[in-house]
Structure formats: C-alpha cells, structure tokens
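Below is one structure, written out as structure tokens, with a few remarks after it.
By convention in this document, chain letters (A, B, ...) are assigned in the order of the sequence lines, proteins followed by strands, and residues within each chain are numbered from 1.
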Protein chains: 2
Amino acid sequence: MNTLLQRKPAHQCPEGRPLSAEEVCAERGLQLSEVQRSILEYLWRRGQPVGAYGLMRELKGTLTRQLSPPTVYRALEFLQKEGLVARIETKNAFVACARPHRNRAYVYFICDTCGASVEIESAEIEAQVAHDAAFLGFRIGRRVIELEGTCADCLSREAANAGC
Amino acid sequence: MNTLLQRKPAHQCPEGRPLSAEEVCAERGLQLSEVQRSILEYLWRRGQPVGAYGLMRELKGTLTRQLSPPTVYRALEFLQKEGLVARIETKNAFVACARPHRNRAYVYFICDTCGASVEIESAEIEAQVAHDAAFLGFRIGRRVIELEGTCADCLSREAANAGC
DNA sequence: ATCAAAATGTTATAACATAACGATCCAGTC
DNA sequence: GACTGGATCGTTATGTTATAACATTTTGAT
Ligand SMILES: [Zn+2]
Ligand SMILES: [Zn+2]
Ligand SMILES: [Zn+2]
Ligand SMILES: [Zn+2]
C-alpha cells in the first residue's frame, strides 16, 4: 500500500472540510493581506489550477483594489513561499495546496477533461527520485511532478456514454 | 541498483557519440526539413534547454530562412511528436532527447547554475507513478517530471571555491 | 509621531505562444 | 512534363503570461 497522505481534491482538508484563511493564519501566526486572502480563498473554492490573469478577471469585481498583474504575481509569490499555493507548470496556473507544506515531492494529477487537480504526497516517488539524484550526484531543489490524464470521474462518465 | 538507461548529457548517445540528423532519419525513414534539422542539430550541440525565441536568435544568421515564431513552434511540434525533442515545462524551453522515444516516464534533472539538463528513464519512478494513479483511478497521459537543483559538476566547483 | 518594512499602484515592456490565411515546396501519379 | 494532395513555410497580427522599475500607501512597532 502506498503512502497517500491526501486523497481528496486539493481544496479540501483531509476531513473534507475546507479550511478558512483565518484558521491557517491562526495556525501559523500569519497575517494575509486582502489580495492574498481573496486569491487563496478563491483557489480553495475553485479547486483547480487557475492562471494569474484568470484570477484577475474573477476577482476584479469582488475587490476594492485594481488587481494589476504585478499585484497578483506578488501575492501568488507570497502564497507559494508559505506553501499555501503551488504553481502548476504544465498549465501556467496556480492551485491551492491540499495543506500548507514546503519542499517535498508533491505529485499533481491533473485531468485534461475537467481540469480538476489532485495533490498527493508520495514517499515512494520521493525516495526513488532521491535515489536517482544520488546516482547522478545531483542535489535536488524544486521537484515538479505533474501527471496529465483523465480523472476517475471523467473516466466513468466516458464509460457511461460509450455504453449508450 | 537503478535502471538508468541514460547517464550522459541529453545531447549524446550512451556511447558518448552525438547522433547526426542523417542517422536518425535513416533509422526512422524520416525526412527532416531544413528548419527542423537545424533546430535539432543546434539542440544537440547545445545540450541544454533553449527557448523558442532563443532558437530564433541563434539560428537567424545560419539559415536562409526568416525563422518567425510560428515556423519555430511548428518545427518544435514536429520534433516533439517524433520524440526527438522534449519540452521542459519549468523553463518554457526545449531540449534534444537523449534518444528518440515516446510516452514514457522520462525524468529531467536540470541544473539551476549551469543550465545543463540530463534525461533519464526510471522504471521505478514510472512504476510508482502508475501505482499511485491506479489508486486514484486516474488514467495517465503525459508525464512531466522535472527536478531542479545543482548538478555534480557545479557542486564540485562550489566545494572547490568554498575550500579556498 | 516617527520610522522601517511590506504591500500595492502604475506604466511599460519582456517573454512566450498561436490564429488565420496565403504561398511554396515536393513526392507520387497521370 | 503537368497535375495534385499533403506538408511546410511566410506573413501579419494578436493573444497570453510574466516582470522591470520606480512611486506611493499601508501597517505595525517603537
Ligand atoms: Zn500502495
Ligand atoms: Zn476529470
Ligand atoms: Zn545513441
Ligand atoms: Zn551545473
């Protein structure tokens, strides 16, 4: 059996209850700005990768601020540093992390059909990557592991349609 | 011990001898155009990820053609389809594959310091990824596995400088 | 109140990528 | 040789993502 620490969509905590920004701040002695908080909460609600310009469009109305590109990227940079948001390289987009974390081998499964994204932490993959790196004498910094494909929901929907 | 099918920089074959475009074409019944061939050969010589606009700049002089962005991206698309070139998502760049291939779990180690890139094929990582995907009921399409860090050469250079 | 650090505003631009449509090249066939 | 279909390329324009540079405002501590 595998070490899947996170088996739910990335915007939910393990018990299935969405975290609030306030809870996270309390836990970590963190004070989010309005922009940072609204981006984080939007990504939690959304549950799938969203581009920086998509965030701008979505949040433009709901915010007193103007939300120019530099502002969005700065807030995202902060949230990434705190381990609250991850960048999905294959989509040039950003997703809320399943839980605050840092510098581990998180693996993202991203559905080509519905866009959903699931974050897992796989000790086995991490160990194997470390092993291969050691063989090469390579010191690993950031790990990007993204698997594109079709999620279970979309697969069963596919199967249902094919059966008709 | 690990299954590292490729232990040399990505622009060399395992025996350390760079392939020529002609050899690849002969092997695969493939006819490369001038643009396709010159891009592939440049990436072989270079041995590290290069962006599309970098390719344009580098090849502008050496070519009778104009080499506009669409032309470069079309050639890169072709080379990727043939498994001769891989896109490095973390760099928005392209690198010659260690060998022609398709749809396997290739892993890229990319040095933040010198930009060098090494492609390996790790059966263990592939198996583990497949295992985790099966657990989620996820059907995998493209796999993107990119590890950023410091290569062995740059590490020893670092150590040498620190020793002074 | 004063100050320093953090966050944001603003303008402009860099860097990456594709849409759309016409022209050309080239291998195989008549 | 002329024809033809498919691949490649030219060209123009535009879309998308990301950052540089510098001014200003907000925030929280002293
Ligand atoms: Zn298991
Ligand atoms: Zn799906
Ligand atoms: Zn070889
Ligand atoms: Zn290096």
With B for base contact, S for sugar-phosphate-only contact and - for none (protein heavy atoms under 4.0 Å), nucleotides 2-9 of chain C reads -----SBB
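Linking ILVMFWY side-chain heavy atoms closer than 4.5 Å, directly or via other members, places B/Tyr42 and B/Val85 in a single hydrophobic cluster.
Under 4.0 Å is where a charged nitrogen must lie from a carboxylate oxygen, and between B/Lys91 and B/Glu146 no such pair does. A salt bridge is absent between A/Glu89 and B/Arg87: the closest approach of a Lys/Arg side-chain nitrogen to an acidic carboxylate oxygen does not fall below 4.0 angstrom. The residues A/Arg45 and A/Glu58 are annotated as not salt-bridged, no charged nitrogen and carboxylate oxygen being separated by less than 4.0 angstrom.
The CG atom of A/Leu59 sits 6.5 Å away from atom CD1 of A/Ile39, with the distance rounded to the nearest 0.5 Å. Between the CD atom in A/Gln48 and the SG atom in A/Cys111 there is a gap of 9.5 Å [rounded to 0.5 Å].
At most 12 heavy atoms of other shown residues, nucleotides or ligands fall within 6.0 angstrom of atom CD in A/Glu77.
Applying the ring-ring contact (aromatic ring centres under 6.0 Å, His included) rule to B/Phe109 yields the partners A/Phe138; only residues at least two apart in sequence or on another chain are considered.
Extent of DNA chain D lying under 4.0 Å from chain B heavy atoms, first and last nucleotide in 5' to 3' order, is D/dT8 to D/dT12.
No N or O donor and acceptor, one from the side chain of B/Tyr73 and one from the base of C/dA19, sit under 3.5 Å apart.
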